[in-house]
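Structure, as structure tokens:
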2 protein chains.
Amino acid sequence: MPRRAEPPARRATVRDVAARAGVSPGTVSKALNGTGQISRATRDRILAAAQEIDFRPNALARSVFERRSYTVGLITTDSFERFSVPVMLGAEDALGAGKISVFMCDSRDDPIREKHYVDVLLGRRVDGFIVTGRIFNEREPLDVSPGVPVVYALTPSSDPGDCSIVVDDAAAGRVAGEHLIRLGRRRIGHITGSAWFDPARRRAAGLAEALGAAGLEVAGDPLYGDWTEAWGRQATHILLRSCPEVDAIYCGSDILARGVGDSLRELGRRVPEDVALIGTDNWEFIAGGARPPLTSVDLGLSTVGRLAARRLLEAIGGNSRAGKEYVPCHLVVRGSTDDLPPASTGSAS
Amino acid sequence: MPRRAEPPARRATVRDVAARAGVSPGTVSKALNGTGQISRATRDRILAAAQEIDFRPNALARSVFERRSYTVGLITTDSFERFSVPVMLGAEDALGAGKISVFMCDSRDDPIREKHYVDVLLGRRVDGFIVTGRIFNEREPLDVSPGVPVVYALTPSSDPGDCSIVVDDAAAGRVAGEHLIRLGRRRIGHITGSAWFDPARRRAAGLAEALGAAGLEVAGDPLYGDWTEAWGRQATHILLRSCPEVDAIYCGSDILARGVGDSLRELGRRVPEDVALIGTDNWEFIAGGARPPLTSVDLGLSTVGRLAARRLLEAIGGNSRAGKEYVPCHLVVRGSTDDLPPASTGSAS
DNA sequence: GTGAAAGCGCTAACAG
DNA sequence: CTGTTAGCGCTTTCAC
């Protein structure tokens, strides 16, 4: 027979400890927090008493008094997909170290749900918010009163007065391009996802910039499509038809690169000997499992999370910054690019 | 110049609302919570006043009084990898509906960190815990006093008196086997990950059971290895050498199945015509992107999370259950298995 | 050094 | 119906 909900067991309080140690509650508080002056003897007695009855100070009560909860809300719009997970882990890691606990909220990109979460958490007196989501275009600012600290991670706020930590997509394209040029590649193509996606365009621009600096252009123009393996395969055929002498391809994602790699092999091109291949995301399961393993641009997502956490702590402390801050990316070299020059094309003029 | 940390802005209190509405704090409380008797006029006046000064009841203060915080701790041991993310989303979804907020904790499989999180959250007076992690063998129970509700999701507790919600791995193997038999396949192989992994052995046993019911055995015995594409490729060669007439393969993960599919194609076997292929996890990016798209067993991870949340709420309400509860799995059919009989082997004796 | 008292913001019990 | 009082658990003056 189901038992009825009983009031939760009463837990040990300061008063209990005080009684056990034969002192007053105020003294217990001092002993536990190291504030004020206390004789070593009573302090030890109090600590022992606390230990014995497994006393655990009620953080809620303390927060009522302090007007601060040492908690923050972490709101994601994309159900903690693969982009926001590293961010959130980075953030949680950085905040946990600072004795701050994190409330997890999945708004599923629904403004109603988001508003609801914000209301509830404001009621819980969170010290601030981190807002994240898939890498995407700007988003509307969170609907909170001006005093509440908010940091945007990955998805920048459309208000330039807000603090946003973002990925440096242009650098991703540059890094990939520079690496390929250093390897001696000259005919470098680019296959990526949707042109409506700001990051896709920025990566393409970064690549074009790196190639431009070496007097090159993107071979066959960037090919925009969607973020699927199927498009990667299809785009490879398109690219090789329009530009058969291509000797390297930079892809806007690892998934795309997988499709590209498969098609290259089927078309009789060897990776990396004939065509070097670089992906984006550095998603271990995808990049590491490829054949050959895929060189990829790591966007530094967990750094984004960690930095967002740091900025939030600063803002809570009264030092807020405005504007976008770009996290550097870096190349993780695997087998799909190598240090050998490409199969000699003879044009070493 | 950095401003000094100021005390957080004082927010509107019940007293403020009371003053504005010209009533006493107690009356405001009644109006806001719908308790007691109140005249419609004053109630409206109070609500209006609350609205005007953007009053938001302090949940912390309320919790001190109620001895209950309407929060729970969600502890994961595996950094919210792809197994625990769906679980956590399911749990968060189910709990959020019940006005409960969720603290996110990544213990990284470190007992020290875990203990730390538990201590902090106990201090915050969480109503209970959900413990999750990668699908794995049993784990030690969480170190909390007996009164605290805990539900284990995915990773069962080694104490049979605890409440654990787990995946039905044996059923996964059975479902895959039965589907293949229904398609007329008779030489069914199994490629999977580590034999130290309970789920791997249970899936193999489930497959064997389904085959046994049809008078069959696993072709070439289950091949244990690791959870990588590389092993999938390698194991395919081993399997085809020892058992060339194999006409279906069930894989312990989608990643493995990707490797298997690639090797099959290279060895000249068509999927699904010559060899039908089933994976496990139903991970959209992997299964959906394969060529042909991969039929896969969905383990029902988000259901695990949702159910764990429900059981936790029950336990908090005073009705706890003991023992393991299995969540059903289901097959998601894609192109790597089809409804056609296998290429006629002539042995329709 | 230590204790008594007041208060954080909210709610329940009891008067009026 | 509404106001007053007391108290949740903790902390911080301020006397002693």
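In the text below, chain A, chain B and the rest are named by the order of the sequence lines, each starting its count at 1.
For the salt bridge (Lys or Arg N to Asp or Glu O under 4.0 Å) criterion with D16(B), the lone passing option out of R56(B), R11(B), R10(B) is R10(B).
Neither OP1 nor OP2 of dC1(D) sits under 4.0 Å from any side-chain N or O of S39(B). Phosphate proximity of dG3(D) to T27(B): present, with a side-chain N or O under 4.0 Å from OP1 or OP2. Between dC8(D) and R68(B), no contact under 4.0 Å exists linking OP1 or OP2 to a side-chain N or O. Residue N58(A) places none of its side-chain N or O atoms closer than 4.0 Å to OP1 or OP2 of dC8(D). Distances shown here put a side-chain N or O of R67(B) below 4.0 Å from the OP1 or OP2 atom of dG9(D). In terms of phosphate contacts, S29(B) brings a side-chain nitrogen or oxygen within less than 4.0 Å of OP1 or OP2 of dT11(C).
Looking at the side chain of F55(B), the nearest of the listed nucleotides dT12(D), dG3(C), dC10(C) is dC10(C). For T13(A), whose side chain is taken as the heavy atoms from C-beta onward, the closest listed nucleotide among dT4(D), dT2(C), dG9(D) is dG9(D). Checking dC10(C), dT4(D), dA12(C) against every side-chain atom of R62(B), the shortest atom distance belongs to dC10(C). With dA12(C), dT4(D), dT11(D) as the choices, the nucleotide that has an atom nearest any side-chain atom of T35(B) turns out to be dA12(C).
Across A18(B) and P25(B), no two heavy atoms sit closer than the pair CB-N, 3.6 Å.
Separating the CZ atom of R15(B) from the C1' atom of dG3(D) is a distance of 14 Å, rounded to the nearest angstrom. Here dT2(D) presents its P atom at 10 Å from CD of Q37(B), a figure rounded to the nearest Å. Between the CG atom of N33(A) and the C1' atom of dG9(D) there is a distance of 13 Å, given to the nearest Å. One interatomic measurement links the two molecules: CZ of R40(A) to P of dG1(C), which rounds to 14 Å at whole-angstrom precision. In this structure, K30(B) atom NZ and dT5(D) atom P are separated by 14 Å, rounded to whole Å. Look at CG on L60(B): it is 15 Å from P on dG9(D), rounded to the nearest Å. Atom-to-atom, CD of E66(A) to C1' of dG9(C) comes out at 15 Å; the value is rounded to the nearest Å. If you measure from atom CZ of R10(B) to atom C1' of dC8(C), you get 10 Å, rounded to the nearest angstrom.
Salt bridge E66(B)/R125(B): absent, no basic N to carboxylate O contact under 4.0 Å. Electrostatic pairing of R310(B) and E325(B) does not count as a salt bridge here, judged by no charged N lying under 4.0 Å from a carboxylate O. A salt bridge is absent between R108(B) and E92(A): the closest approach of a Lys/Arg side-chain nitrogen to an acidic carboxylate oxygen does not fall below 4.0 angstrom.
Taking the centre and axis of the six-membered ring of Y70(A), the NZ or CZ atom of R68(A) falls inside the cone set by 45° and 6.0 Å.
Counting non-hydrogen atoms under 4.0 angstrom, V28(B) reaches nothing in the nucleic acid.
Taking for each of P57(A) and T42(B) the nucleotide of DNA chain D with the nearest heavy atom, the 5'-most of the two is the partner of T42(B). Residue order along DNA chain D, read from the 5' end via each residue's closest nucleotide, puts R45(B) first among R45(B) and F65(B).
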